[in-house]
Amino acid sequence: MEHTTLSVQIAGRDYTLTSADSPEHTQRVASLVDRKMRELMAAGIINREAAAVMAALTLADELIKSQDDNTRLRRKLDESTHG
C-alpha cells in the first residue's frame, strides 16, 4: 500500500500528513477539521487546544449519529426485504 505525504494548514498552522488515502481525501479531511476549528475560534474559543478538542468532540458526535442512522436504516432495509 502506497502512502502519500501532503502539507496542509489547519487553524493557521502547517502540518505534514502521511496517509494511504488519496491526497484529495486527505485534503478534504484536513479542510473539515480546519473549518470546524475556525468556526469554534470565531465563536470565542481562542485557545487552539480547546478548539481542537471541541472540534474532535463535534466530529465524533456527528460520526456516531451517522453510524446510528446507518445501522437503523440497514435494519429497516433488512426487515423490508426479508419481511
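Just the heavy atoms: all of them, side chains too, but no hydrogens, waters or symmetry mates, feed the values below.
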Can you see which heavy atom on [X] is nearest to which on [Y], and at what distance?
X: Ala20; Y: His3; result: N-CD2, 3.6 Å
X: Ile45; Y: Ala50; result: CG2-CB, 3.8 Å
X: Met37; Y: Ala51; result: CG-O, 4.0 Å
X: Leu40; Y: Ala55; result: CD1-N, 3.4 Å
X: Leu17; Y: Ala30; result: CD1-CB, 4.4 Å

- Message: Are the side chains of Leu59 and Glu62 in contact, using a 4.5 Å heavy-atom criterion?
- Response: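 In contact.
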To the nearest 0.5 Å, tell me how far [X] [atom1] sits from [Y] [atom2].
X: His25; Y: Leu6; atom1: NE2; atom2: CG; answer: 11.5 Å
X: Met1; Y: Asp21; atom1: CE; atom2: CG; answer: 8.5 Å
X: Leu73; Y: Asp68; atom1: CG; atom2: CG; answer: 11.0 Å
X: Lys36; Y: Asp34; atom1: NZ; atom2: CG; answer: 12.0 Å
X: Ser7; Y: Gln27; atom1: OG; atom2: CD; answer: 10.0 Å
X: Lys76; Y: Thr71; atom1: NZ; atom2: OG1; answer: 14.5 Å

- Item | With Lys65 via side-chain hydrogen bond (donor to acceptor under 3.5 Å, both in side chains) - residues at least two apart |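 Expected list: Asp61.
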- Under the side-chain contact (heavy atoms from CB on, under 4.5 Å) rule, what do Met54 and Leu57 come out as? Steps first, then yes or no, please. CA-CA 5 Å; Met54 291 302 297; Leu57 289 169; 4.2 Å; yes
- Item | Path from Leu32 to Met41 over hydrophobic side-chain contacts below 4.5 Å |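 Shared cluster, no.
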- Side-chain (Asp14) to main-chain (Gln9) donor-acceptor, under 3.5 angstrom: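 Flag not set: sc Asp14 to bb Gln9 has no pair under 3.5 Å.
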- Message: Tell me if the CD1 atom of Ile46 is crowded by more than 12 foreign heavy atoms within 6.0 Å.
- Response: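 Not buried by this count: 12 neighbours or fewer within 6.0 Å.
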